Amino acid sequence: GHSGSVYSVAFSPDGQTVASGSSDKTVKLWSAADGQLLTTLTGHTGSVNSVAFSSDSKTLASGSSDKTAMLWWNTELLFTLRGHNDAVTCVAFSLDGKTLATGSADNSVKIWRVADGQLLTTLTGHSVDVNSVALSPDGQIAVSAGGGDLRLWQVFESKLLGKFARHSGTVRSVAFSPDGKTIASAGADKTIKLWRVPDGRLRLSFELGFPVNSVSFSPDGRYLVYGL
């Protein structure tokens with residue numbers, strides 16, 4: 001497998017493939033059915049920190065410490081997305097697969113058009129690394145996490161809709177519900193919080209007793225899954 005630490009894994013939505021990103025600067029694709037290595041994607045010159053599939057499972061995004069993100073179609077490199085001034089820490093597709101959000105240690109979020117790799121807008125305002133980013137199902141709203149702060153953005157107007165800071169530790173993961181009406185955030189403060197969109201009102205907070213590294217909604221929005 002990888003010759004270094006694995007920093008990110010993602011299932012393709014069709015359940016056929018698992019992608020893994022590593023400090024060995026590669027992305028590997030594995031068969032979900034039997035765990036066999038399908039292919040290795042090379043091109044990054046730094047650790048691969050984040051991987052994500054589009055909703056149709058056809059496009060893969062990878063974010064790296066080399067300050068770039070890459071878009072892949074099957075095993076073909078489509079575009080290298082350049083513009084961040086520090087490591088790309090997280091990548092996330094809109095549900096329709098038309099846009100990609102990237103978060104970076106340069107404290108910014110960038111929104112890219114997947115069809116041609118063009119930069120659409122840059123969202124600035126965080127004072128620390130952006131650890132996690134997510135796009136609403138329609139791609140119109142983004143949520144980003146930096147330190148213990150969450151920021152909600154109107155993407156194509158580059159407008160900050162709200163800032164909320166109820167976590168007492170670093171927020172490690174954010175996710176939109178499938179209907180786009182709720183955001184989940186998970187943090188080092190051992191909590192998961194649910195926020196209402198678009199006003200950022202806190203709806204629920206769960207104390208878990210352990211730092212939470214990842215959070216995700218089920219496709220029907222009825223369940224919330226978290227990883228410790």
Side-chain angles (χ1 to χ4, degrees), residues 2 4-15 17-23 27-30 32 47-55 57 60-65 69 87-95 100-105 109 126 128-137 141-152 164-180 182-195 197 202-228:
H2 287 287
S5 299
V6 175
Y7 290 154
S8 180
V9 293
F11 257 104
S12 61
D14 64 10
T17 309
V18 175
S20 56
S22 170
S23 63
V27 176
K28 291 183 182 289
L29 300 180
W30 311 82
S47 300
V48 179
N49 302 317
S50 183
V51 291
F53 282 98
S54 60
S55 60
S57 302
L60 178 73
S62 56
S64 171
S65 294
V88 177
T89 55
C90 47
V91 293
F93 282 97
S94 59
L95 185 62
L100 180 78
T102 56
S104 171
V109 173
H126 284 289
V128 295
D129 300 3
V130 176
N131 301 314
S132 186
V133 66
L135 288 168
S136 62
I141 296 175
V143 60
S144 55
D149 292 346
L150 297 173
R151 290 176 184 254
L152 200 62
F164 27 111
R166 299 284 186 88
H167 282 277
S168 59
T170 299
V171 177
R172 294 177 174 175
S173 181
V174 292
F176 271 95
S177 62
D179 64 7
T182 304
I183 291 167
S185 59
D189 62 359
K190 307 177 184 178
T191 70
I192 292 174
K193 298 183 187 298
L194 299 181
W195 312 84
V197 178
L202 182 64
R203 300 177 64 180
L204 289 170
S205 182
F206 305 95
E207 293 279 349
L208 296 174
F210 299 93
V212 187
N213 294 318
S214 182
V215 67
S216 181
F217 285 93
S218 62
D220 62 7
R222 295 176 61 190
Y223 300 99
L224 191 67
V225 181
Y226 63 87
L228 301 177

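No experiment lies behind these values; they were computed from the predicted model shown.
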If you compare all heavy atoms of [X] against all heavy atoms of [Y], which two are closest, and at what distance to 0.1 Å?
X: A87; Y: N49; value: CB-ND2, 4.2 Å
X: S47; Y: S64; value: O-OG, 2.9 Å
X: V88; Y: A69; value: CG2-N, 4.3 Å
X: V18; Y: A32; value: CG2-CB, 4.3 Å
X: A134; Y: A92; value: CA-CB, 4.2 Å

*Within the side chain of S94, is there an N or O that forms a donor-acceptor pair under 3.5 Å with the backbone of P137?*
no

*Is there a donor-acceptor pair closer than 3.5 Å between any side-chain N or O of S23 and the backbone N or O of S5?*
yes

Value rounded to 0.5 Å, distance of [atom1] in [X] from [atom2] in [Y]:
X: L202; Y: W195; atom1: CG; atom2: CH2; answer: 5.0 Å
X: I141; Y: F176; atom1: CD1; atom2: CZ; answer: 5.5 Å
X: S104; Y: D129; atom1: OG; atom2: CG; answer: 7.5 Å

Partners of [X] by side chain to side chain contact (heavy atoms under 4.5 Å, CB included), sequence neighbours excluded?
X: T182; value: S177, L194, R203, F217
X: S20; value: H2, V6, V9, K28, W30
X: A142; value: L123, L135, W153, V155
X: V128; value: none

List for me each residue that meets side-chain hydrogen bond (donor to acceptor under 3.5 Å, both in side chains) alongside [X], sequence neighbours excluded, and say none if there are none.
X: K193; answer: S205
X: S132; answer: none
X: T89; answer: none
X: D189; answer: H167, T191

For residues [X] and [Y], determine if any side-chain heavy atom of one lies less than 4.5 Å from a side-chain heavy atom of the other.
X: S62; Y: V51; value: yes
X: F53; Y: D14; value: no
X: I183; Y: V197; value: yes
X: V212; Y: S173; value: no
X: S185; Y: V174; value: yes

*Are N131 and R172 close enough that a side-chain donor and a side-chain acceptor fall under 3.5 Å?*
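No, because no side-chain N or O of N131 sits under 3.5 Å from a partner of the opposite role on R172.
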
*Of V109, L100, V143, which is the lone residue that meets side chain to side chain contact (heavy atoms under 4.5 Å, CB included) with V133?*
V109

Give every donor-acceptor pair under 3.5 Å between a side-chain atom in residues 219-228 and any protein atom, sequence neighbours left out.
{"unit_1": "D220", "atom_1": "OD1", "unit_2": "S218", "atom_2": "OG", "d": "2.6"}
{"unit_1": "D220", "atom_1": "OD1", "unit_2": "R222", "atom_2": "N", "d": "2.9"}

_side chain to side chain contact (heavy atoms under 4.5 Å, CB included) for T17 and L60? Distances and angles first, verdict last._
CA-CA 11 Å; T17 309; L60 178 73; over 6 Å; no

